[in-house]
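A quick write-up on the structure given underneath.
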Amino acid sequence: MNSIFVRRSIREYDSRPVEPEKLDRILRAGMQAPSAMNRQPWEFLIVTRPDKIQEIAALTPYGKPASRAPMVLVPLVNLSAAGENNRFWVQDLSACVQNILLQAAEEGLGGCWMGIYPDEKRTQALHDALDLPDQVLPFALISVGYGVQENRFVDRFLPEKVHYEIY
């Protein structure tokens, strides 16, 4: 549970690349997430070209962490795999992204989740910039790299937010 407690949104990175074996474990962790009807509708685009990172980071007002990272993961939803009437893919991708962030922390890396979906303008702009097929949508940007600051524990537990039996 250490990764859960120390994971933080890391927004500044040094220039070291992420080792392929660490990326492999991060992606494997993402794919271990639960998904509605076990559809596993996720796919991933890995961006390491600095010019492409700058381009996609500029598509969201919150993209600065991506612009500073040596790698950006773009979790994608394949709507065909999700199923026509399955609206739970948002939960599937959210669980996937959380697993990715926890594994990044476990690997000694920093990461930051930048929302793309459901903002239609951001979703369409990133879809076009990445030249994705029609049935594939970008869900988020995740900057990944060796953080200038370390992941560290910050206690967020607030007992007043816990209710028993009635609100």
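Note that the numbering runs from 1 along the sequence shown for the chain. The shown structure was predicted, so the numbers you read here are calculated from the model rather than taken from an experiment.
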So, for [X] and [Y], which heavy atoms are closest and what is the spacing to 0.1 Å?
X   : Y    : value
Y13 : S143 : OH-OG, 2.6 Å
A33 : A95  : CB-C, 3.7 Å
S67 : I53  : CA-CG2, 4.1 Å
R11 : P65  : CG-CG, 3.6 Å
D92 : A36  : OD1-N, 2.8 Å
V97 : P75  : CG2-CG, 3.8 Å

Looking only at atom types and distance, does a side-chain atom of [X] sit under 3.5 Å from a main-chain N or O of [Y], one as donor and one as acceptor?
X    : Y    : answer
D24  : P20  : no
R122 : G115 : yes
H127 : P138 : no
N78  : V136 : no
R8   : V154 : yes

Test of understanding: clusters of I, L, V, M, F, W, Y form through side-chain heavy atoms closer than 4.5 Å, transitively. Do [X] and [Y] belong to the same one?
X    : Y    : answer
V18  : V47  : no
F88  : M31  : no
L59  : I46  : no
V77  : I56  : no
V144 : L102 : no

Around [X], counting heavy atoms of other residues, nucleotides and ligands shown, do more than 12 lie under 6.0 Å from its [atom1]?
X    : atom1 : value
E150 : CD    : no
Y146 : OH    : yes
Q54  : CD    : yes
E165 : CD    : no
K64  : NZ    : no
E21  : CD    : yes

Supply the atom-to-atom distance [X] [atom1] to [Y] [atom2], rounded to the nearest 0.5 angstrom.
X    : Y    : atom1 : atom2 : value
C112 : R68  : SG    : CZ    : 9.5 Å
L76  : L132 : CG    : CG    : 5.5 Å
R7   : R152 : CZ    : CZ    : 12.0 Å
L73  : F44  : CG    : CZ    : 8.0 Å
L101 : S9   : CG    : OG    : 7.0 Å
E19  : I26  : CD    : CD1   : 9.5 Å

task: May I ask you to check whether E107 and Q103 show a side-chain donor-acceptor distance below 3.5 Å?
output: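 Checked: E107/Q103 side chains pair up, N/O donor to acceptor below 3.5 Å.
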
query: Can S35 and Q40 be counted as having a side-chain donor-acceptor contact under 3.5 angstrom?
result: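 No pair is found: no donor N or O on one side chain lies under 3.5 Å from an acceptor on the other.
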
task: Walk me through it: do I142 and M114 pass the test side-chain contact (heavy atoms from CB on, under 4.5 Å)?
output: CA-CA 6 Å; I142 307 170; M114 290 151 277; 5.9 Å; no

query: Side-chain contact, heavy-atom cut-off 4.5 Å: V74 with L141?
result: yes

message: So F139 and L93, do their side chains get closer than 4.5 Å, heavy atoms only?
response: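 Yes, side chains in contact.
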
message: Any salt bridge linking K121 with D119? Criterion: basic side-chain nitrogen under 4.0 Å from a carboxylate oxygen.
response: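 Here K121 does not pair with D119 in a salt bridge, since their nearest N and O are not under 4.0 Å apart.
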
query: Any chance the rings of Y62 and W113 have centres within less than 6.0 Å?
result: no

task: Given side-chain contact (heavy atoms from CB on, under 4.5 Å), test V72 with K52 step by step and report yes or no.
output: CA-CA 10 Å; V72 176; K52 195 64 171 178; over 6 Å; no

